[in-house]
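The structure appears below as structure tokens.
We name chains A, B, ... by the order of the sequence lines, and we start the count at 1 in each one.
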4 protein chains.
Amino acid sequence: MVERILDAGRQVLGEYGYEGASTSRIATTAGISPGSLYQYFPHKDAIVSAVLERFGDTLVSGVTTRMSGHFEQPAPVIVRATLAALLDGLDVEPPFLRAAVEHGPRLDDGRALRAFEQRVGELVRAYLTTQRGGLRPDAPLDTAVWMLVRTVEHLTVRYLLDRPLIPREQFLEELTRLALNYLRPAP
Amino acid sequence: MVERILDAGRQVLGEYGYEGASTSRIATTAGISPGSLYQYFPHKDAIVSAVLERFGDTLVSGVTTRMSGHFEQPAPVIVRATLAALLDGLDVEPPFLRAAVEHGPRLDDGRALRAFEQRVGELVRAYLTTQRGGLRPDAPLDTAVWMLVRTVEHLTVRYLLDRPLIPREQFLEELTRLALNYLRPAP
Amino acid sequence: MVERILDAGRQVLGEYGYEGASTSRIATTAGISPGSLYQYFPHKDAIVSAVLERFGDTLVSGVTTRMSGHFEQPAPVIVRATLAALLDGLDVEPPFLRAAVEHGPRLDDGRALRAFEQRVGELVRAYLTTQRGGLRPDAPLDTAVWMLVRTVEHLTVRYLLDRPLIPREQFLEELTRLALNYLRPAP
Amino acid sequence: MVERILDAGRQVLGEYGYEGASTSRIATTAGISPGSLYQYFPHKDAIVSAVLERFGDTLVSGVTTRMSGHFEQPAPVIVRATLAALLDGLDVEPPFLRAAVEHGPRLDDGRALRAFEQRVGELVRAYLTTQRGGLRPDAPLDTAVWMLVRTVEHLTVRYLLDRPLIPREQFLEELTRLALNYLRPAP
DNA sequence: AATGAATGAGGGTTCATTCAT
DNA sequence: AATGAATGAACCCTCATTCAT
């Protein structure tokens, strides 16, 4: 039933965005009564927050899965593939994505977003650690991870929401470059 | 009078954030009646949008001013100084900054935000053009600008809102590196 | 307009009692919209409380007026007349009276009820002071007033709400006796 | 099981008052499920009513017990002792007492309250009958009983709920006097 | 008998917007 | 132009009661 509510919440957010996601709409979509929502969630924003959390989990899992087994490939290939996976995972209904980025930071104190960025950060950090050789030796790892995670996340989201006149392949190409060059040793 | 409304809107957003910025609060702060707001703006979000637009203008002006006359300095210096100016300009009341990034994209179809990014983009593009020599010759300029603008903007905002444990100097250092390395020619 | 709301509140409480006095019913009865209630009262219970307060004021005024100019009459006559006035003043729609006694103590921390009893207490105290001669000399005045006020109030209300098989004249007779005998000197 | 529900109801009313006495809270406290309440009571208020009825029974029993065997004592002594017993019996958690007096009259058509007052009335009537000698010969017995019962009940409750600055001994003294003087023969 | 998830009508309240003055 | 009282749709949430299991 929690599942049904989250599915409904996800669907309503995708169709109507955060403002249009009233509890009654979510309940109707889930085929239940408004009161039932409150058997499983303390208030509306907890539903939205949970939907975002699940979305984040799915996203990280998907990316991780798609990456597994390609770690032997050269850096540009694997990084680009990862970014492509992220781009695909975030390519959802714009109202939903907008709700995620506009309200995620506020809901449940940003729990869902922080968890997502935390997990992506771990992936990045793990990767960087294996690559230590080719990196600037003086790079502050924590800071670098912090920046890379937010950069790729934000650029991907903006690419999907603003639909700039940039071909997808070029976008991935450049984003890969941005990430890889950042930690390249000074010449 | 428009000015008075914008000042009030700015102040209210800074103190109460977007959710707390009711029309009556803005009117009271401006010393006028709620109804009068509608003589100058078609609806509430138009006020917020105009506040954001003015903020963006001020920001760009400030950064531009602070940059003028330093163009002869080496790239890392001038870039870093620009980013520092941006960081200072964005260092406002968190509720206001949050309102700007969470609601700016939606209000008036993102007009204020687009204008801001457009102008920052022009600065970046102008700079890159003068630097053409030291860049990857194959870099797609438009795309690069698009990415750089959004990257520095977002990282700066996140740095201010999330207050990660990264020293300001290091943050500026790394952000500068991220930007400069991106377009470095391949080795 | 406050007047209109109070009238409507009074009427709705009289017809439907406290439970049936929804804000929308009050607004409809007042011929205004639900939202307008909140321009004049912070929440529903403030309306009810104000209605009760006004009722208490009216009641005390009425009793006081009806008493004025009869102070030279013998004690039993004036006391009985006062009680009759109180009985008449409280003889309103039972749902209203019930709302007053069941919810008055809670609303606004019992403000309306306390004010009413306070003022009735002053009347009683004033009367007793003039009668000092015929009273038990050891009677604790404050305590006596406290008891008399609540006794006549409660018995009157109960008489009206429970409609016991006691003729009105007899009720007044006995209530008068109860009050007067209480402070009679010991034989 | 009925017993368990009544115990739970009593406890919940004592802790949370009428408004806080939700069926689920009562069920939880009783260690059963909400649905099971309806196997033994037709609706929530029937539970509250039954709790009040039981409380009234206990109260009357207690007072009666404490009185038995003191009937030979002089009137002021026995009356005062009875009132003291009543005061003690009513000295329970304020939320419970409040619930009893504010909602008792309404629940189950006032059944619990009427039963209580009926039984107290019988005690009073029995006492008065034995005292017939010292009373006003013209006193309408039913009316006198009706008034005395409600007077002592209400004043006692108000004394406990409002906590006026009246010492307990004085309160009992005066209440005793109020009751005894009422039926004293005219001088 | 017992469960407890599901119900759903109804509640109080907010606030952007309007419009008679 | 300026007012600000009035609007009213829409919101989130509660909880006594039901009923399939």
Note: A:Arg163-A:Asp91 ion pair, threshold 4.0 Å (strictly below) | yes
Name the orientation class of the two ring planes belonging to A:Tyr18 and A:His103 (parallel below 30°, tilted from 30 to 60°, perpendicular beyond 60°).
-> parallel
Any salt bridge between C:Arg158 and D:Glu117, counting N to O under 4.0 Å?
-> yes
Hey, which of these two, B:Gln39 or A:Pro42, hits DNA chain F nearer its 5' end, going by closest nucleotide?
-> B:Gln39
Atom NZ of D:Lys44 and atom C1' of F:dT18 are separated, to the nearest Å, by 17 Å
Can you tell me if the side-chain N/O atoms of B:Ser36 get under 4.0 Å from OP1 or OP2 in F:dT3?
-> yes
Of residues 8-34 of chain B, the positions that come close to DNA chain F - non-hydrogen atoms, cut-off under 4.0 Å | B:Ile32, B:Ser33, B:Pro34
Between P of F:dA1 and CD1 of B:Ile5, the distance in whole Å | 11 Å
Is the shortest side-chain N to carboxylate O distance from B:Asp162 to A:Arg114 below 4.0 Å?
-> no
Enumerate donor-acceptor pairs with a distance under 3.5 Å from any side-chain N or O in residues 50-60 of chain C to protein atoms, sequence neighbours excluded.
residue: C:Glu53; atom: OE2; partner: C:Arg111; partner atom: NH2; Å: 3.4
residue: C:Arg54; atom: NH1; partner: C:Glu3; partner atom: OE2; Å: 2.8
residue: C:Arg54; atom: NH1; partner: C:Asp7; partner atom: OD1; Å: 3.0
residue: C:Arg54; atom: NH2; partner: C:Asp7; partner atom: OD1; Å: 3.1
residue: C:Asp57; atom: OD1; partner: C:Arg119; partner atom: NH1; Å: 3.2
residue: C:Thr58; atom: OG1; partner: C:Arg54; partner atom: O; Å: 2.8

Does a salt bridge link A:Glu19 with A:Arg98, judged by any charged N lying under 4.0 Å from a carboxylate O?
-> no
Could you tell me which non-hydrogen atom of A:Pro94 sits nearest to which non-hydrogen atom of A:Leu161, and how far apart they are?
-> O-CD2, 3.8 Å
Short N-O contact, D:Glu93 and D:Arg10, less than 4.0 angstrom = yes
Would you kindly give the CZ-to-P distance between B:Phe41 and E:dT18, to the nearest whole Å?
-> 16 Å
E:dA5 C1' sits how many Å from A:Leu37 CG, rounded?
-> 13 Å
Dot-bracket encoding per residue of DNA chain E, Watson-Crick/G-U cut-off under 3.5 Å, | denoting interstrand | .||||||||||||||||||||
Close side-chain approach of C:Phe41 to C:Leu6, heavy-atom, < 4.5 Å | yes
Separation of F:dC12 atom C1' from A:Tyr40 atom OH, nearest Å, is 19 Å
From the candidates F:dT14, E:dT17, F:dT17, the one with an atom nearest any side-chain atom of A:Tyr38 is F:dT14
Does C:Gly35 or A:Gly35 map to a spot on DNA chain F nearer the 5' end, using the closest nucleotide for each?
-> C:Gly35
